[in-house]
Structures are given as structure tokens and as C-alpha cells.
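These notes concern the structure reproduced below.
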Protein chains: 2
Amino acid sequence: MTRTLTPKGEQTRRRIVSGAAAELRERGVDQVRLEDVMARTGTSKSQLFHYFPDGKEGLLLAVVQQEADQVLADQEPYLSNLTSWEVWDRWRDLIVDRYVAQGDQCPLRGLLGDTGRRAPAARAVLTDMMDRWQAAVAAGIRHMQASHEISGNVDAARAAGGLIAGIQGGVLLLGNTGRTEYLESALDLGIDGLKRAT
Amino acid sequence: MTRTLTPKGEQTRRRIVSGAAAELRERGVDQVRLEDVMARTGTSKSQLFHYFPDGKEGLLLAVVQQEADQVLADQEPYLSNLTSWEVWDRWRDLIVDRYVAQGDQCPLRGLLGDTGRRAPAARAVLTDMMDRWQAAVAAGIRHMQASHEISGNVDAARAAGGLIAGIQGGVLLLGNTGRTEYLESALDLGIDGLKRAT
DNA sequence: GCAAAAATGGACCCGCAAGTCCAGTCGATG
DNA sequence: CATCGACTGGACTTGCGGGTCCATTTTTGC
């Protein structure tokens, strides 16, 4: 992939990616111009195309890859240790806090809209992230089932999917309406439902 | 608003709006070109600007207004009569069927993404729709509470918001991954939770 | 220290799509 | 049947923004 990159080149490349990520957060996917990235990172157009021969799409992909990992990492250490209701509640609060603080600055949201139809590669990265996310939550549910705190009748993977859908929708509506209740309530409804599952 | 429109003009205007709506479904908000609408509706650019002096944005707004109402209308007669668990279940199935059939052709999804940041008017129409949607679901919850089939402890408006968030997220993920489980499970998790609420 | 390759600057090209303009036609109304 | 305003056609303008090119400077490896 990267054929020959000197230390200096690698540094510049990183600067471009993180600058593009910031620009993406502020302006949204289909509003970012290469010129914006250039201005913010102090680079020229030829540098952009030097490091990302596929142009905007390639740059976008690099950013998405980085940000997708970040989304999951931001949920630690709770996400990987959903082994008691206390942790579940902390996880819930962490998500709410994170997205409320972030507001409508989600760098990935644009890709989930129909902008992503044009960027299949970026979309694939996101689907992969969703899978990992769902798997982590499902593992938590199974753990709670092992300790008989969630009914064994619950389909862990499916319930995890429902919970994640609620989070996605909640974040989406948070960005559009500015109201946090959607996200909060979706999480509460889902988690409370699991607690009381028969 | 409409100053003088002869019957013929009104017909043309309608043809443009519905053609634009179809184009919107197929290509997505930020991919629709005026030229596409012209081709589909057999109109010229001057006609577009004759009926929509504000250009693309105005046209878009007209379409969104129409489609937003449609979203709610499509959920009838159940949405307005969530007075028994049987109706709730039918409503649930209707939503799943509708969006599965629709696939990723949701004309509004694009607006909910960050494309909507540029179109505040269109976004306002959507927020209004969400409010009406939430109010209808909340009314259903309150009705079930009156007949003691949902606990009085449940905050109806809040729970309705959570449910809608789940639907939104489910539809979003359906469009991206092609999997229906997110939407189905979000609805099940939410409705089952209401059934068992203490 | 010297080729070769990588890194950089910036001018240029090009296509696309929104929006403008004006000339011309149709249709309602007196 | 005359006239005015709504309606239509289509050429033209304009600006934006992604992508290309080449000359120049800097770094690397021998």
C-alpha cells in the first residue's frame, strides 16, 4: 500500500488525515472541499494527491477508518466489560455524555445517509464497525445471561442489534432536533427491557 | 404563495413535484440534478424556475413537505389507534414491511444526514413530522396506561421518543447493511419493554 | 557529495450543474 | 379578436471544485 514513505512524508500524511477529520466534523462529508483541508493542514493540492492518489475518496476512506475505530475505543473500558448492571449503566451514561458533547459533529453520520451510496468502500468500513459493536454488546448480554441476570430466552445478537439501532437513531435525532431525550430514552427502553426480560 | 396558477400550470407543477420525489428516492438528495427532474417530467429549466423561483431548494422543500405527510399516512390506520396490543403488533409489522419493501429508497433519509445542515427549512419540516409521530405514539401509550396494560410509571412521551429513535436507527441501518434485524429488533425490544414495564 | 527518489508549490484545465435571459406560444377574458 | 399575462423552449453565463502537470526543493542511500 504505502510504497516508500520517509519519516517526513509519514508525518505530513498524518497531518492531512487528522486535519481532514476535523474538517469533516465541522462541515460534513459533502461539504468538505479539498481546499479546506489544504488550508487547515498547510498543504498544497499536489501533496494531497501525492499521498492519496485516489483523491477525495481515498482521503475520505483513510479518515473513516480512523474515526470508526475511535467510536468503539471511546466506549471503553465499559463496552468490553458489560458484566454487571453497574457497568451497563455507566456505559449508557458514557454514550449519552459523549454524543451530547459532540453535538452534531459526528464525522460518520454523513456516510450513513445517502452520501454513502457513492462511497461503497467507506460504507463497508462502517458496516464492519457496526458488526464489531454489535458483537461486543451481544457478548455483554450473553455474560449477563450466564449469571442469570438476563433471561436465556433473549436472542443476544438480535437484542444487541436493536439496542444499537436505538443508539443510531437517537444520535441522528439528537443532531437534527438538538434534543437528547431520544437517545437517552432509546437506551433506557432497551436496557430496562433486558433487565425485565422473561 | 401561489399567485396565479391556471389549471394547466397547477398540473405541471404537480408533475414536477412528484417527478422530483421519484428522482429523489432513486438517486438521493445530493445526487439529484435539475436536469434529471427535467428529463423525467418533460419540462424545461425555465419551467422549473417559473414554478420554483428559489430553485432547487424550493423544489426540495415542496417534495419534503409532501413526503413527510406520506410517512405518517402510511402508518394508518394503526398509528392513530394504538389501543390494544393487537394493533401495536400490526403497526410494528406494517412498519417493518413498508421499509423492507422500500429498501434504501427513503426520500427523507438524506435530509436527516448532514445534507440537512444546508436546508434548514426542510429540516424544520422533518422535526415537525417527528413531533407529530412522537405525539401519536405517546397517545397510544397513554391509552394503554388508561386500561392498565402499561404501567403508569412509564413516561409516555419519553418512551415514544425512544421507540421512534429505534425505528429511525433501524431504517438507517437497513439502508446501509441491508439487514432487517436492526429494525425488527428495535421495535420488538421497545414494544416488549412496554408490555413488561413495571 | 552525488544521483535517484520523494516531497512540495502552484498554475492550469475541465466538466458539471445551478441559475439567467429572452424570445416566442398559448389561453383566458373583455 | 385583441391583449395581457401565464406558460414554455433552449441557449448562454458563471462559479465552483476536483484533478492534472511540471518545475523546484529536499531527503535518502550509496
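What you see is a predicted model; the values in this text were computed from it and never measured.
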Rounded distance in Å - [atom1] ([X]) to [atom2] ([N]):
X: Arg13(A); N: dA6(C); atom1: CZ; atom2: C1'; value: 15 Å
X: Gln11(A); N: dA6(C); atom1: CD; atom2: P; value: 18 Å
X: Leu48(A); N: dT20(D); atom1: CG; atom2: C1'; value: 14 Å
X: His50(A); N: dG19(D); atom1: NE2; atom2: P; value: 17 Å
X: Glu10(A); N: dA7(C); atom1: CD; atom2: P; value: 10 Å
X: Leu59(B); N: dA17(C); atom1: CG; atom2: C1'; value: 14 Å
X: Gln47(A); N: dT25(D); atom1: CD; atom2: C1'; value: 12 Å
X: Met38(B); N: dG9(D); atom1: CE; atom2: C1'; value: 10 Å

Handout entry: Donor-acceptor pair, side chain of Thr127(A) and main chain of Thr177(B), under 3.5 angstrom
Key =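 Checked: no pair found.
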Problem - Arg15(A) versus Gln11(A), side-chain donor and acceptor atoms under 3.5 Å - result: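 Distance-only check fails for Gln11(A) and Arg15(A).
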Problem - Side-chain H-bond candidate by donor/acceptor type, Thr6(B) with Glu10(B), under 3.5 Å - result: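 Checked: Thr6(B)/Glu10(B) side chains show no N/O donor-acceptor pair below 3.5 Å.
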Exercise for the section: Would you indicate, yes or no, if dT8(C) has its OP1 or OP2 atom less than 4.0 angstrom from a side-chain nitrogen or oxygen of Thr12(A)? Expected result: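 So the side-chain polar atoms of Thr12(A) do come within 4.0 Å of the phosphate oxygens OP1 or OP2 of dT8(C), strictly under.
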So which atom in [X] and which in [Y] form the shortest heavy-atom distance, rounded to 0.1 Å?
X: Leu82(B); Y: Ala136(B); value: CD1-O, 4.5 Å
X: Arg142(B); Y: Ala156(B); value: CG-CB, 3.6 Å
X: Ala122(B); Y: Leu111(B); value: CB-CD1, 4.0 Å

Exercise for the section: Flag yes if more than 12 heavy atoms outside Glu26(B) fall under 6.0 Å of its CD atom; otherwise flag no. Expected result: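 Yes, CD of Glu26(B) has more than 12 neighbouring heavy atoms, counting only those of other groups under 6.0 Å.
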Handout entry: From dA18(C), dA7(C), dA6(C), nucleotide with atom closest to Thr4(A) side chain
Key =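 Nearest to the side chain of Thr4(A) among the choices is dA6(C).
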Handout entry: With Arg33(A), the side-chain contact (heavy atoms from CB on, under 4.5 Å) member among Lys56(A), Met38(A), Arg27(A), Glu23(A)
Key =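 So, applying the side-chain contact (heavy atoms from CB on, under 4.5 Å) to Arg33(A) and each of Lys56(A), Met38(A), Arg27(A), Glu23(A), only Arg27(A) qualifies.
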Practice task
From the options Leu34(A), Asp54(A), Leu59(A), select the one residue that forms a side-chain contact (heavy atoms from CB on, under 4.5 Å) with Phe49(A).
Solution key: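 So the option named by the test is Leu34(A).
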Exercise for the section: If a protein heavy atom is under 4.0 Å from the base, mark B; if only from the sugar-phosphate, S; if neither, -; do that for nucleotides 20-30 of chain C going 5' to 3'. Expected result: BB-----S---
Problem - Residues within residues 27-37 of chain A bordering DNA chain D, heavy-atom distance below 4.0 Å - result: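 Result for residues 27-37 of chain A: Val32(A), Arg33(A), Leu34(A), sorted by number.
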Practice task
With heavy atoms under 4.0 Å as the rule, sort Tyr51(B) into base, sugar-phosphate or nothing.
Solution key: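 The residue Tyr51(B) makes sugar-phosphate contact but no base contact.
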